[in-house]
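Below is one structure; the comments refer to it alone.
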Amino acid sequence: MIDKKTLPKHYEDSYAADFKTFDELVQEVEAVEGSSEWMPGVQSKKIKVEGIDGPITAVPLSKKTHIPVEVLVDTGGMEGTRLMVEVGADKMCVRDTAMASLYSTARINGAALGHLSPYHLSEVLNLCLNVATGTSLLLYRCGKVSAFLSDGYKIMPASRLLEITERLLSERFGIVDFKCGHNEHGATSAVFELPEAKAKLVSKYKQDVSAPGNHKDINFMPAVQFCTSDTGASAATIVPRFKTESGVYFSVNDGIRVEHKRAHTGKKDGLELYEEETARIYAKFAETEETIKAMAACMLQNPENAIVAICKKVGIPAKWGSRAQAELGKYTHGRPCSAHDVYLCIVEVLAYAREENVPMQRYQKLDEAVAKVLTLRWDDYDIGGLVAWVA
């Protein structure tokens, strides 16, 4: 059973929790979903935004609006949005996850918005919302509006997506080992390892990198990573991954992605489409073969320089990229090697970041940067001479 005393309060914007068992994750996600209300058909032009002075006004404002004091304190603090909205007769606080979709509803964007006071920001938003067209789907969750979405948004409960994922993986790969799960207001994620599929998938991986010039040992665990968001931040995704001996997961393709969008009449969408697409996950592992073979066959004459140039291109910090460069140099000693070996060394920056206990959001951005490496033309970064970390 989950120890509720160890979990942050659900109304807080900072709510986030990690789980070691699948049942605990699903139970928690269902609890959050149970504190949610989807509000369709809200006319965008009738959404009114108000600023909040700060936590000091929480008590009188609570008496006036019937919003709990603790919710107002969390929203009115320095880390909160300091905004609430009026929809019909109701006033509700705005969660940080809702800001991007609120700007989108108002058809406004720009870095300057984040520097405005709550009252000036509410004035700007109201001017734009007054001329907005169409209707919105609001997600009211755990005491705050968590998203302002279009009515074309297709609701796919994360709890159901998790159950579909676990069931289909078990049917296709046998024993599924749930490794970790994470839940916050912006996203739900989980990692499943596939021990019964390891022999077959890793054997094939080794064959794909059997070309000369590949030096790294292949002792990986196949896995899949699931992620979804109810706030418009991302689609429902399931990505084939491999775990290195250092414990980091890396991808070789972009996996399966199902958008939260309503389909035209006669076409599948939502949970039905997700189930159909997820049934193809084995094919996605097969698709990694071409990418792996291509990297294994691509010989780089200046692999250490390539790491520097690639890390700079995708935004991997030098303090971690330089460690990847040094690791590569230990066994190449300046000799050519494959792009696959270079990629596996770059992947290890995730382990270096984990050693420093970087925040989850920063780790996810680093993971995205590593994945971007697969989109680059390796030859463009095979540069001779001296390539320095500092330009």
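Being a predicted model, the structure only gives us computed values, none of them experimental. All heavy atoms count here, side chains included; hydrogens, waters and symmetry mates do not.
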Check whether any side-chain N or O of [X] sits under 3.5 Å from a backbone N or O of [Y] as a donor-acceptor pair, and report yes or no.
X: Asn253; Y: Lys284; result: yes
X: Thr97; Y: Ser146; result: yes
X: Ser203; Y: Lys200; result: no
X: Thr81; Y: Asp96; result: no
X: Glu33; Y: Ala158; result: yes
X: Asn130; Y: Asn126; result: yes
X: Thr65; Y: Ile67; result: yes
X: Ser62; Y: Ala58; result: no
X: Asn305; Y: Ile383; result: yes
X: Thr375; Y: Lys372; result: yes

For the residue pair [X] and [Y], establish whether any side-chain heavy-atom pair is separated by less than 4.5 Å.
X: Leu113; Y: Leu116; result: yes
X: Leu139; Y: Ser36; result: yes
X: Asp151; Y: Pro40; result: yes
X: Phe192; Y: Phe173; result: no
X: Val32; Y: Tyr15; result: yes

Taking 4.0 angstrom as the limit, do [X] and [Y] come out as a salt bridge?
X: Asp13; Y: Arg95; value: yes
X: Arg82; Y: Asp53; value: no
X: Glu275; Y: Arg280; value: no
X: Asp74; Y: Lys9; value: no
X: Glu30; Y: Arg160; value: no
X: Lys365; Y: Asp367; value: no

Locate the shortest heavy-atom distance separating [X] from [Y]; write the atom from each residue and the value.
X: Ser234; Y: His260; answer: O-CD2, 3.5 Å
X: Leu366; Y: Val349; answer: CD2-O, 3.7 Å
X: Ala190; Y: Leu25; answer: CB-CD2, 4.0 Å
X: Thr231; Y: His185; answer: CG2-O, 3.4 Å
X: Val224; Y: Pro240; answer: CG1-CA, 4.3 Å

Tyr352: partners by ring-ring contact (aromatic ring centres under 6.0 Å, His included), with sequence neighbours left out: none
Point-to-point distance, once rounded to the nearest 0.5 Å, from CG of Leu168 to OG1 of Thr278: 6.0 Å
Pairs where residues 56-102 contributes a residue and the test ring-ring contact (aromatic ring centres under 6.0 Å, His included) is met, not counting sequence neighbours: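 Sorted result for residues 56-102: empty, none.
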Side chain to side chain donor-acceptor pair (under 3.5 Å) evaluation trace for His182 with Glu184: CA-CA 7 Å; His182 181 81; Glu184 58 187 52; 2.6 Å; yes
Identified side chain to side chain contact (heavy atoms under 4.5 Å, CB included) counterpart of Ile238 within the set Leu161, Ile256, Ile164: Ile256
Centroid-centroid under 6.0 Å between Tyr205 and Phe220 rings: yes
Derivation and outcome, side-chain contact (heavy atoms from CB on, under 4.5 Å), residues Ser246 and Glu348: CA-CA 8 Å; Ser246 62; Glu348 289 303 311; 2.7 Å; yes
